[in-house]
Asker: 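Following this message is one structure expressed as structure tokens.
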Amino acid sequence: MEGRHVISALVLNKPGVLQRIAGLFTRRGFNIHSITVGETENPNMSRMTIVVNGDNKILEQVIKQLNKLIDVIKVSELKEKKSVERELCLIKVYTPTESSKSQVIQYANIFRGRIVDLSPESLIVEITGSEDKINAFIDLVKPLGIKEMARTGVTAMSRGPKVLKSK
């Protein structure tokens with residue numbers, strides 16, 4: 001059964017690691033839906049959150065292949081109900097009139113977004129949350145005219161005391 005899988009990987013924080021991991025996906029023909037990478041509390045390590053679509057066999061292969069890479073310290077699948085997922089999105093919306101500006105500001109407030117830039121013909125909304133929340137906001141402002149958009153992709157962490165640590 002095809003599904004969405006969120007993988008968290010602890011990797012060494014050094015040049016070329018992201019390229020090697022992306023290359024692994026390319027060689028195997030796996031598509032990355034989103035990938036985020038950032039330094040952890042330990043400056044020698046980075047945390048990657050990779051979202052892939054596929055069945056359990058593909059997930060198993062991805063995890064096995066990631067674990068074979070020397071720069072990968074630990075890999076774990078994050079289950080939806082047992083993890084916290086967030087994404088950040090910046091959306092520049094066409095707002096040439098006071099009415100359209102007011103409408104987007106009202107939408108942003110409802111979605112707990114923030115206006116981070118304002119110009120005579122547009123404004124930029126910063127919104128964080130689940131992919132579904134961000135997609136719902138995008139669908140709402142799309143008729144007004146989205147001029148530009150940047151999404152970070154999912155970043156996630158398991159709930160509770162469980163942590164992703166080196167072996």
Side-chain angles (χ1 to χ4, degrees), residues 3-22 24-26 30-54 59 62 66 72-95 100-160 162-165:
R4 174 182 174 273
H5 302 281
V6 179
I7 300 165
S8 188
L10 199 57
V11 300
L12 294 178
N13 186 12
K14 61 184 199 179
V17 174
L18 175 60
Q19 181 182 1
R20 281 189 283 287
I21 289 175
L24 176 149
F25 279 82
T26 302
F30 301 142
N31 188 40
I32 298 172
H33 178 71
S34 78
I35 186 167
T36 60
V37 185
E39 193 175 276
T40 66
E41 68 284 354
N42 178 344
N44 296 320
M45 291 187 236
S46 289
R47 181 188 193 99
M48 291 184 153
T49 305
I50 306 164
V51 179
V52 295
N53 292 319
L59 173 67
V62 167
L66 285 170
V72 173
I73 298 163
K74 177 115 184 189
V75 179
S76 174
E77 180 188 12
L78 298 176
K79 299 289 186 182
E80 188 177 355
K81 298 208 186 306
K82 294 183 179 183
S83 62
V84 176
E85 296 180 17
R86 293 291 181 270
E87 183 175 355
L88 167 70
C89 185
L90 297 174
I91 308 164
K92 187 180 292 186
V93 183
Y94 182 61
T95 56
S100 60
K101 276 183 182 48
S102 175
Q103 189 175 6
V104 173
I105 290 168
Q106 191 174 24
Y107 292 160
N109 288 334
I110 291 167
F111 280 79
R112 294 190 182 114
R114 294 181 340 135
I115 306 303
V116 294
D117 185 64
L118 179 65
S119 73
E121 291 197 353
S122 67
L123 52 79
I124 298 176
V125 179
E126 172 190 295
I127 186 165
T128 60
S130 68
E131 282 184 285
D132 290 342
K133 175 184 174 182
I134 290 171
N135 289 337
F137 183 80
I138 290 167
D139 290 343
L140 204 55
V141 297
K142 197 177 281 182
L144 296 168
I146 295 174
K147 294 179 85 169
E148 193 174 13
M149 185 170 68
R151 292 177 81 156
T152 60
V154 172
T155 192
M157 188 177 286
S158 63
R159 293 183 182 277
K162 183 180 174 187
V163 295
L164 191 64
K165 283 201 170 179

Asker: Give a yes or no answer on whether the side chain of Ser83 reaches the backbone of Met157 with a donor-acceptor pair at less than 3.5 Å.
Answerer: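 No; zero donor-acceptor contacts below 3.5 Å.
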Asker: What are the two closest heavy atoms between Ile134 and Glu87, and how far apart are they?
Answerer: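 Nearest heavy atoms, Ile134 then Glu87: CD1-O, 3.3 Å.
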Asker: Indicate the atoms forming the closest heavy-atom contact of Ser46 with Val37, along with that distance.
Answerer: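 Closest approach of Ser46 to Val37: CB-CG1, 4.0 Å.
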Asker: So, do Val52 and Asn31 sit near enough that their side-chain heavy atoms are less than 4.5 Å apart?
Answerer: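 They are not in contact (no side-chain heavy atoms under 4.5 Å apart), so the answer is no.
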Asker: Between OG1 of Thr95 and CG of Leu118, what distance do you get to the nearest 0.5 Å?
Answerer: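 Going from the OG1 atom of Thr95 to the CG atom of Leu118 covers 7.0 Å.
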Asker: Rounded to the nearest 0.5 Å, how far does CZ of Arg20 lie from NZ of Lys14?
Answerer: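 Between atom NZ of Lys14 and atom CZ of Arg20 there are 6.0 Å.
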Asker: Where is the tightest heavy-atom contact between Arg47 and Ser8, given as atom of each residue plus distance?
Answerer: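 Between these two residues, the closest heavy atoms are NH2-OG, 3.1 Å.
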Asker: Any side-chain donor paired with an acceptor under 3.5 Å for Ser130 and Arg86?
Answerer: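 There is no such pair between these side chains.
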Asker: Could you measure the distance from the CE atom of Met45 to the CG atom of Leu12? Nearest 0.5 Å is fine.
Answerer: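 So the gap between those two atoms works out to 7.5 Å.
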Asker: Under a 4.5 Å cut-off applied to non-hydrogen side-chain atoms, are Arg159 and Lys81 in contact?
Answerer: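 They are not in side-chain contact.
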Asker: Side-chain donor-acceptor pair under 3.5 Å between Asn135 and Arg151, yes or no?
Answerer: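 Short answer, yes.
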Asker: Take a 6.0 Å sphere around CD of Glu80 and say whether it holds more than 12 heavy atoms from other residues, nucleotides or ligands.
Answerer: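 No, because the 6.0 Å sphere around CD of Glu80 holds 12 heavy atoms or fewer from other groups.
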Asker: Is the backbone of Asn53 close enough, under 3.5 Å, to the side chain of His5 for a donor and an acceptor to pair up by distance?
Answerer: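 Flag not set: sc His5 to bb Asn53 has no pair under 3.5 Å.
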Asker: Identify the two heavy atoms, one from Val11 and one from Ile73, that lie closest to each other, and give their separation to 0.1 Å.
Answerer: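 Heavy-atom minimum between the residues: C-CD1, 3.9 Å.
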Asker: Taking side chain as C-beta onward, heavy atoms only, is Ile35 less than 4.5 Å from Phe25?
Answerer: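 Ile35 vs Phe25: side chains apart.
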Asker: Heavy atoms, side chains only, cut-off 4.5 Å: are Lys82 and Ser158 in contact?
Answerer: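 Lys82 vs Ser158: side chains apart.
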Asker: Which atom pair, heavy atoms only, marks the closest approach of Ser34 to Val154?
Answerer: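 Nearest heavy atoms, Ser34 then Val154: OG-N, 3.4 Å.
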Asker: Within the supplied structure, the quantity of interest is the number of heavy atoms (other residues, nucleotides, ligands) at a distance under 6.0 Å from Arg114 CZ; does it exceed 12?
Answerer: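 Open: at most 12 neighbouring heavy atoms sit under 6.0 Å from CZ of Arg114.
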Asker: Between Glu131 and His33, is there a side-chain donor-acceptor contact under 3.5 Å, judged purely by atom types and distance?
Answerer: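 His33 vs Glu131: donor-acceptor pair found between side chains.
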Asker: Nearest 0.5 Å, what's the CG-CG distance between Asp132 and Asp139?
Answerer: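 With rounding to 0.5 Å, CG (Asp132) is 10.5 Å from CG (Asp139).
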Asker: For the residue pair Lys101 and Leu123, establish whether any side-chain heavy-atom pair is separated by less than 4.5 Å.
Answerer: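 The answer is yes, as the side chains (C-beta and beyond) meet within the 4.5 Å cut-off.
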Asker: Does Ile7 reach the side chain of Leu78, with side-chain heavy atoms less than 4.5 Å apart?
Answerer: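 Sidechains of Leu78 and Ile7: no contact.
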Asker: Check Arg4 with Glu85, please: is the shortest side-chain N to carboxylate O separation under 4.0 Å?
Answerer: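 Yes, Glu85 and Arg4 are salt-bridged.
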Asker: So, the side chain of Lys133 versus the backbone of Thr128: is there a donor-acceptor pair under 3.5 Å, distance only?
Answerer: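 Between the backbone of Thr128 and the side chain of Lys133 there is a qualifying donor-acceptor contact (under 3.5 Å).
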Asker: Got a second to check how far Ile50's CD1 is from Phe30's CZ, nearest 0.5 Å?
Answerer: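 With rounding to 0.5 Å, CD1 (Ile50) is 12.0 Å from CZ (Phe30).
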Asker: Can a donor-acceptor pair be found, under 3.5 Å and without considering hydrogens, that links the side chain of Asn13 to the backbone of Pro43?
Answerer: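 Checked: pair present.
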Asker: Take Leu18 and Met48 through the test side chain to side chain contact (heavy atoms under 4.5 Å, CB included) and record every step on the way to the result.
Answerer: CA-CA 9 Å; Leu18 175 60; Met48 291 184 153; 3.5 Å; yes
Asker: Is the NZ atom of Lys147 crowded by more than 12 outside heavy atoms at less than 6.0 Å?
Answerer: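 Buried by this count: over 12 neighbours within 6.0 Å.
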Asker: Measure across Ala108 and Ile115 and return the closest heavy-atom pair with its distance rounded to 0.1 Å.
Answerer: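 Scanning both residues, the minimum pair turns out to be CB-CD1, 3.9 Å.
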Asker: Rounded to the nearest 0.5 Å, what separation is found between the CD1 atom of Ile124 and the CG atom of Leu90?
Answerer: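 Answer for the CD1-CG pair, Ile124 versus Leu90, is 6.5 Å.
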Asker: Using ring pair (Phe, Tyr, Trp, His ring centres under 6.0 Å) as the criterion, list what pairs up with Phe111, not counting sequence neighbours.
Answerer: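 Here the qualifying residues are Phe137.
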Asker: What I'd like to find out is whether the side chain of Val116 reaches to under 4.5 Å of the side chain of Val125, using heavy atoms alone.
Answerer: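 No, every pair of side-chain atoms sits at 4.5 Å or beyond.
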Asker: Can you confirm whether Met149 sits close enough to Ile138 that some side-chain heavy atom of one is under 4.5 Å from a side-chain heavy atom of the other?
Answerer: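 In contact.
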